[in-house]
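Encoded as structure tokens, the structure appears first; notes follow it.
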Amino acid sequence: MTDSSLTSSVGSNRVKRGLAEMLKGGVIMDVVNADQARIAEDAGAVAVMALERVPADIRSQGGVARMSDPDLIDGIRAAVSIPVMAKARIGHFVEAQVLQALDVDYIDESEVLSPADYVNHIDKWNFTIPFVCGATNLGEALRRINEGAAMIRSKGEAGTGDVSEATKHIRKILGEIRALSSLAPDELYVAAKELQAPYELVAEIAETGKLPVVLFTAGGVATPADAAMMMQLGADGVFVGSGVFKSGDPVKRAAAIVKATTFYDDPQVVAEASRGLGEAMVGINVSDLAAPHRLSERGW
Ligand SMILES: O=C(CO)[C@H](O)[C@H](O)COP(=O)(O)O
């Protein structure tokens, strides 16, 4: 059931979406343990995302990727004062129940983990805790919002260090929003059908020219310039994982990416932030990935 409440009670849309509003302009960093979480907080990350392995390791090691061990999540929560998010598998509503019981601040129903259900996503209205979900296009974003997502991140191709898919997805979502705004009211019914999204949400976006929730970008961001580019393209903020912790100097790189995200429209600052960072994540070109290895194709 859709919660269109404008009240600010626990679990209301306003509270769930409002937390993401407070993270705007910032970097959310993937971390697997308390030490990494401290590095992220010291670098100025606005939140951390707890997961079992960073996406580059999930990609290279293979196997089923699941929610983190609760002890690790507790350790991360104890180590930092910024919000702690954690990932659940697509459709795995019990992992989400566990994460809610652990009192994390946000759940990411993430394609980076192995899906638990290839048909249904989690019914996110059933939870008081807010969810963020990935999307490659506007229709996918609206389906997730219709299920109760309170924040969207464009997916990119996590764990590659190649920003090209992140570029493609943020451009696609924002381009489709612009296109909707130019339609006549009587054209919105077909637009909703083509987007495979609810008419009410489509009509709202055509009128406001933006999503009703915060839109971050993710997947493949590995340098300060990558992060600044996502912000210049119109993202509200950036998720970074492998790009920091698979680089030669995570401490320096984490701080540099935060700085470049903040001062994204000042090339001098981005240039300074890009100096002396040591080795960047080696990565893999998205064009070299065979289809089954595209994490962004999980979720629909
Ligand atoms: O799924 C995510 C967002 O919740 C990851 O944080 C993001 O995709 C990380 O990708 P990368 O490791 O390429 O930075």
Side-chain angles (χ1 to χ4, degrees), residues 20 23 26-32 36-37 40 43 45-61 65-68 76 83-90 96 99 104-115 130-136 140-141 144 149-170 214-224 226-227 229-230 235-247 250 253-254 256-258 260-261 280-286 289 293-299:
L23 305 177
V27 177
I28 300 173
M29 261 174 227
D30 282 358
V31 297
V32 302
Q36 289 187 353
V46 289
V48 290
M49 170 74 72
L51 75 172
E52 199 191 47
R53 292 170 277 167
V54 292
D57 289 335
I58 292 174
R59 193 177 279 290
S60 64
Q61 294 163 2
R66 311 178 175 89
M67 174 188 81
S68 288
I76 290 167
V84 175
M85 303 180 164
K87 287 188 190 298
R89 283 177 269 178
I90 289 176
L99 293 175
V104 301
D105 296 292
Y106 238 90
I107 295 175
D108 184 1
E109 186 182 18
S110 180
E111 72 285 352
V112 167
L113 306 186
S114 307
F131 280 72
V132 55
C133 288
T136 58
E140 194 178 0
R144 297 296 82 79
M151 177 181 188
I152 294 292
R153 56 175 170 75
S154 59
K155 284 181 181 171
E157 194 49 53
T160 60
D162 180 346
V163 79
S164 62
E165 292 290 289
T167 305
K168 182 160 95 186
H169 298 157
I170 194 76
V214 164
L215 172 64
F216 270 47
T217 195
V221 173
T223 68
D226 288 349
M229 180 163 138
M230 294 302 109
D236 289 324
V238 181
F239 285 88
V240 184
S242 321
V244 167
F245 289 107
K246 302 310 281 185
S247 75
R253 189 164 291 266
I257 288 177
V258 169
T261 302
M281 170 189 180
V282 176
I284 176 167
N285 291 300
V286 167
L289 292 174
H293 300 296
R294 291 205 177 210
L295 305 178
S296 57
E297 290 175 4
R298 296 168 167 175

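When a ligand or atom number is given, it counts from 1 through the structure's own listing order.
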So, using salt bridge (charged side-chain N to carboxylate O under 4.0 Å, His left out) as the criterion, who are the partners of [X] when residues are at least two apart?
X: Arg59; value: Glu157
X: Asp108; value: Lys87, Arg153
X: Glu165; value: Lys168, Arg294

Residues in contact with ligand 1, criterion: heavy atom under 4.0 Å: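 Within 4.0 Å of ligand 1, protein side: Asp30, Met49, Pro55, Lys87, Asp108, Ser110, Val112, Arg153, Ala158, Gly159, Ala218, Gly219, Gly220, Phe239, Val240, Gly241, Ser242.
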Donor-acceptor pair between Thr217 and Ser154 side chains, under 3.5 angstrom: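 Present: a donor and an acceptor within the cut-off.
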Spacing of Ser68 atom OG and Met49 atom CE [to the nearest 0.5 Å]: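 The CE atom of Met49 is 10.5 Å from OG of Ser68, to the nearest 0.5 Å.
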Ion pair check, Glu109 and Arg144, cut-off under 4.0 Å: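 The answer is no: the pair does not qualify as a salt bridge.
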